[in-house]
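Note on naming: letters A, B, ... go to the chains in the order of the sequence lines (proteins, then strands), and numbering restarts at 1 for each one. Given the structure is predicted, the values throughout are model-derived calculations rather than measurements.
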Protein chains: 2
Amino acid sequence: MVGENDYKNASLTEVAEMAGVSIATVSRVINKNSNVNPETRAKVEKAIKALNYRPNRVAKRLRNKNASSNLLGVLIPDIQNPFYVDVLRGIEDIASANNYALIMCNFSQDEKKEEMYLDILQSESIDGLIAAPAHENDQKVIGIVNSGLPIVCVDRGLANVDVDLVLVENRAGAYSAVDHLAKKGYKRIAYISGMKQIPSSQQREKGYIDALRDHGIEIDSDLIKYGDSRHESSTKLCEELLDMPNPPDAIFTGNNLITLGALETIHKRGLKIPEDVAIVGFDDMYWSISLNPPLTAVRQPAYEIGKRAAELLIQRINDSSRSVVNMILKTELMVRSST
Amino acid sequence: MVGENDYKNASLTEVAEMAGVSIATVSRVINKNSNVNPETRAKVEKAIKALNYRPNRVAKRLRNKNASSNLLGVLIPDIQNPFYVDVLRGIEDIASANNYALIMCNFSQDEKKEEMYLDILQSESIDGLIAAPAHENDQKVIGIVNSGLPIVCVDRGLANVDVDLVLVENRAGAYSAVDHLAKKGYKRIAYISGMKQIPSSQQREKGYIDALRDHGIEIDSDLIKYGDSRHESSTKLCEELLDMPNPPDAIFTGNNLITLGALETIHKRGLKIPEDVAIVGFDDMYWSISLNPPLTAVRQPAYEIGKRAAELLIQRINDSSRSVVNMILKTELMVRSST
DNA sequence: AAAAAAATTGTAAACGTTTTTATTGCAATG
DNA sequence: CATTGCAATAAAAACGTTTACAATTTTTTT
């Protein structure tokens with residue numbers, strides 16, 4: 001009978017027993033750094049194979065508190081947002097190429113959950129962390145920075161804290177979108193923002209306002225709506241905008257999910273884009289071209305953000321004294337037919 | 001100076017020292033199950049607070065080999081596919097409500113990566129695993145089933161292995177899509193499948209063929225294309241279909257990503273949907289209504305799949321002897337204007 | 001008041017590693 | 001031949017927990 005024991009995880013002790021050596025020797029064989037007699041090595045390797053031995057990562061981490069555990073943490077605010085999924089892919093490709101496993105935590109824009117996950121990550125003895133903090137004054141994340149754990153922030157920075165950072169030119173990106181709308185002749189341009197406390201939301205609002213100002217368009221605060229970055233809230237906010245006595249002729253949406261929510265509302269009302277209302281979104285998606293109509297959008301290099309962040313993190317792990325890097329990537333306005 | 005030590009993780013020993021008791025007592029205070037004098041408890045709790053003590057999960061897992069480590073593994077084939085993201089959300093909601101953390105692994109349809117992640121998960125002493133195996137004869141996953149680790153498969157089953165399983169009626173779902181097309185009068189209906197070795201692809205093909213047969217439509221094997229479930233491959237396969245001397249008048253796409261790829265190709269060619277070619281996708285997305293045109297699709301309850309799987313897994317962890325459950329959820333055809 | 005029972009706390013082992021230190025055997029040196 | 005040096009290996013400690021068991025104190029019973 002093929003019993004359960006066939007699959008039981010063998011330990012160093014069992015390997016040592018089978019090979020007739022001490023566990024120290026087995027460990028030396030595995031971590032090829034030290035001298036061991038070729039014959040002994042052969043015996044041990046045979047036993048390892050026979051028992052299908054795999055080192056226990058938990059024990060390894062406990063013992064090697066300060067050495068590498070080959071484990072990185074990732075903390076992201078919203079797995080439903082395709083932007084973060086692309087960031088994640090970038091991280092994952094670099095991580096697995098460098099033999100790091102990922103423990104991925106999604107806090108769904110919920111600070112309580114964020115705290116829980118940060119606790120868990122810390123007590124898992126990860127080598128380093130890539131995080132998009134809930135907001136600029138995220139004390140939990142700041143605490144981690146101060147603890148000395150290698151960390152790279154993505155998409156969102158921290159106020160008054162020097163930390164490795166990868167993000168995009170949010171202000172400039174938003175500016176290019178609104179500038180484009182203004183040049184096309186739209187006058188009442190609305191902005192549906194993500195959560196107000198997120199740095200990127202603030203930067204994008206700044207770009208929006210700067211662009212309006214440069215075009216001599218008066219800022220109407222009724223045209224600025226703050227959501228929670230979730231699809232449901234953005235459909236509602238878009239409805240509010242369209243219900244105004246003097247509704248906007250164009251909408252700039254602050255992120256992926258907001259764009260999709262706004263589109264849904266516009267379509268439900270049977271309005272024509274861009275004739276009745278134009279729309280530009282922050283965040284491009286690879287299927288933006290298949291939307292109705294093909295969407296004009298500010299493209300962020302999401303995959304590259306993740307890639308760069310992972311590279312920075314691994315560098316930081318290997319050299320904790322290297323100077324702090326803030327990497328600001330460019331955005332690109334993809335003009336299609338929604339404007 | 002606020003130094004690094006302020007944030008250093010305290011250990012049981014330090015708490016015990018500060019409170020003037022043994023580590024066993026501290027442990028008892030933390031794991032509220034056993035008797036300890038109220039005064040002692042107060043002293044210990046004060047020390048815990050003062051040192052900001054948090055139990056080390058790694059040590060806990062190592063010690064409690066057989067007890068709960070409050071850690072679940074999730075192994076998914078493709079994080080870029082919104083279907084799996086929704087499954088993940090369902091899993092995560094249940095997991096975090098039950099105090100389980102998630103270690104999430106995405107193998108990008110790459111069996112080498114899958115193997116690596118399964119190794120890692122096993123050696124992390126997880127309590128249980130939710131996995132979508134690479135294919136029906138995935139020996140690595142079968143090995144895990146045999147090892148006795150609690151596991152629930154989602155979306156894809158295993159041949160000849162009794163294991164908890166949550167999936168949808170793939171055959172019936174595909175049937176309803178193709179039946180719908182046939183009733184609408186389409187005669188040359190193509191199928192762009194995901195990876196051939198995935199059980200769900202096979203089941204959907206079966207549904208496709210059964211529906212055609214029931215409508216007396218002859219099966220043309222040139223109209224069946226097999227991709228790798230990635231966006232790039234599906235654009236190419238769609239091109240091949242449209243380039244045929246006798247091209248299809250309707251396409252049934254095997255999953256989310258394939259649908260988006262096919263749409264892209266059709267739009268690039270300036271073809272009208274559904275006049276020039278109709279399309280039904282397997283997998284609905286919450287923004288399907290915003291596509292051009294609003295997409296007719298077979299909806300899978302992805303979130304619920306994840307939720308049910310996590311519930312089953314937790315049950316299994318708590319009672320390894322309960323009988324195996326295969327849960328088959330219904331699909332729903334969302335008729336919009338792409339057909 | 002002595003014995004028994006119950007409550008509280010402490011001691012030590014164990015989980016599976018890595019690594020420091022100690023031991024062994026053997027060749028080279030004087 | 002006695003000493004030294006080196007290579008190979010073993011022994012033991014440590015990482016931070018939980019828990020079985022032992023020891024102590026307090027309470028109850030007789």
Would you check if there is a donor-acceptor pair between the side chains of D319(A) and S321(A) at a distance under 3.5 Å?
-> yes
Side-chain H-bond candidate by donor/acceptor type, Y84(A) with N106(A), under 3.5 Å | no
Output the rounded distance in Å from [atom1] ([X]) to [atom2] ([N]).
{"X": "K60(B)", "N": "dT17(C)", "atom1": "NZ", "atom2": "P", "value": "22 Å"}
{"X": "L12(A)", "N": "dA11(D)", "atom1": "CG", "atom2": "C1'", "value": "15 Å"}
{"X": "R57(A)", "N": "dG16(C)", "atom1": "CZ", "atom2": "C1'", "value": "14 Å"}
{"X": "Q122(B)", "N": "dG16(C)", "atom1": "CD", "atom2": "P", "value": "15 Å"}
{"X": "L62(B)", "N": "dA14(D)", "atom1": "CG", "atom2": "C1'", "value": "12 Å"}
{"X": "N9(B)", "N": "dG16(D)", "atom1": "CG", "atom2": "P", "value": "9 Å"}
{"X": "N64(A)", "N": "dA13(D)", "atom1": "CG", "atom2": "P", "value": "19 Å"}
{"X": "E14(B)", "N": "dC15(D)", "atom1": "CD", "atom2": "C1'", "value": "13 Å"}

Check: Q122(B) and I144(B) side chains under 4.5 Å, non-hydrogen atoms | yes
Would you indicate whether the side-chain heavy atoms of L158(A) and E136(A) approach each other to under 4.5 Å?
-> no
Salt bridge flag under 4.0 Å for residues R308(A) and D164(A) = no
salt_bridge(D93(A), K307(A)) N-O dist < 4.0 Å | no
Would you indicate which nucleotide in dT19(D), dT17(C), dA11(D) comes nearest to any side-chain atom of A24(A)?
-> dA11(D)
Under 3.5 Å, which N/O atoms of the protein pair with N/O atoms of nucleotides 6-9 of chain C?
from   : atom 1 : to     : atom 2 : distance (Å)
dT8(C) : OP2    : N35(B) : ND2    : 3.4
dT9(C) : OP1    : T40(B) : OG1    : 2.1
dT9(C) : OP2    : N37(B) : N      : 2.8
dT9(C) : OP2    : T40(B) : OG1    : 3.4

Which part of the nucleic acid, if any, lies within reach of S11(B) when heavy atoms closer than 4.0 Å are counted: base, sugar-phosphate only, or nothing?
-> sugar-phosphate
